[in-house]
Amino acid sequence: MARTVIDGAYIATVDGSSTEHATGYIVIRDARIEAVAAGRAPSDVVDGAREVIRGDGLLATPGLVNTHHHLYQWLTRGYAQDAILFDWLVSLYPAWSRIDADLVGDGALGAMAVLARSGCTTVADHHYVFPRGGGDIVGSIVDAAQTLGLRLHATRGSMDLGASDGGLPPDFAVETTAAALEASADAVHRYDDHSFDSMVRVAIAPCSPFSVTTELLRESAALARDLGVRLHTHGAETVEEEAFCRERFGMSPTDYLESVGWLDEDVWMAHCVHLSAGDIARFAASGTGVAHCPSSNARLAAGIAPVRDMLRAGVPVGLGVDGSASNESGQLGSEIRAAILAARLRDGADALAGRDALRVATMGGARVLGRQEQIGSIEPGKLADLALWRIDGVEHAGIADPVAALTLGAMPPLSRLIVQGETVVEDGDLVRVDAGEVARGVSRASRALADRL
Ligand SMILES: [Zn+2]
């Protein structure tokens, strides 16, 4: 059996006791972590290893988990630069409704390449635009993840509430309720793998209260529970969404989503910026997860999510980049610092500690995706998804605390990204694909999409 040893790194395990080793070693056997311990690796561990990675100058953390993204938006960055959510959506729907499986594949490769190079090992994607004749879009996202070697939680999203029925999206961008449900079930049957070391899971994800019907929310919940997969949507993102729900349904977004069966431990929602204390208590009691997307919320001036209060109440919280059209950076590693800064601007210096932010980005995300037994921490028996950050360069050398180098400093260069025991990024470069090729593909696809308008 193939054994890899990481020897002499600073290790932040993010286990239940927040164990850290100033000098430690990690043993990987095939796809799993076999051991993690303090000190230098003993010679009998090193002997016969397929590879020994020198850990000096490196910080080892669990691979980061991205809990919310729209990978296809990689092709529509730089538009509607100064708009709030609803205006931004309305200006982008025409472009998005002209995508197809080939274009989405190019965009997904670009978006996931950048995620991988910023420490992300598991990607949750929320895809909700399915133009007629657009081909197998979920399939092209799965292919892109497999090409790069990343773990994927694909969600089959949907919109069925067009403008003529009082929704936000134009009628040409939506599907029928029946078509959306049928395609969601089909995506689960085709691509969902529920094994322990699954590289692809599928969830069902109607887009938002202002773009889907009540029927689709209810039926999607029933379908997901029937199929044993998770549920995802956007919730409580902006004050305009709150006004929409109060006017149309006579209640807040959280009350509305609860009324259709969407507060439960198999659900995670993006944003949750505008939650009351009572909402937070209900999220905690039900185990409903939150994908916190600080940069996107700032870009669209949506507000700052109450992360301090959610964590204190026990709400499962993970980190998300969100779609690249509202977060052109697309990096997950730098969202850790963004989360810390945003939380402190909102709630003060003790709102979010660096190590708590690292936990949100790893174990928090794993819990939100229902993968806490398999990923999110460096512990024997878990899958070997690891990020090795170089912290001895000029940006980080001398920072008193290696974890602060990652959480408060500039995002460190990535020495290695390991997924399922295999190296995916080495010295900042993608191992399985040529980054220049990916970039050229993104340029071509972005131009092709713009030309369709
Ligand atoms: Zn989103």
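For clarity, every value in this text was computed on a predicted model and none was experimentally measured. In each ligand, atom 1 is the first atom listed, and ligand 1 is the first ligand listed. Along the sequence shown, the residues carry numbers beginning at 1.
Because the distance cut-off is set at 2.8 Å, H234 qualifies as a neighbour of the Zn ion (ligand 1) through one of its N, O or S atoms. Distance check for C293 against the Zn ion (ligand 1): none of its N/O/S atoms falls below 2.8 Å. In summary, no N, O or S atom of H69 is located under 2.8 Å from the Zn ion (ligand 1). Residue E237 does not count as close to the Zn ion (ligand 1), with no N, O or S atom under 2.8 Å.
With the Zn ion (ligand 1) as the vertex, atom OD1 of D322 and atom NE2 of H70 span an angle of 90° (nearest 10 degrees).
In summary, the aromatic rings of H292 and H271 are positioned with their centroids too far apart to meet the 6.0 Å limit.
By the 4.0 Å N-to-carboxylate-O rule, R151 lies close enough to D385 to be salt-bridged with it. Taking the charged nitrogens against the carboxylate oxygens, R201 and D192 have no contact shorter than 4.0 Å, which rules out a salt bridge.
The side-chain tip of R77 points at the ring of W74 from less than 6.0 angstrom away and within 45° of straight on.
Between V114 and Q331 the shortest side-chain heavy-atom distance falls below 4.5 Å.
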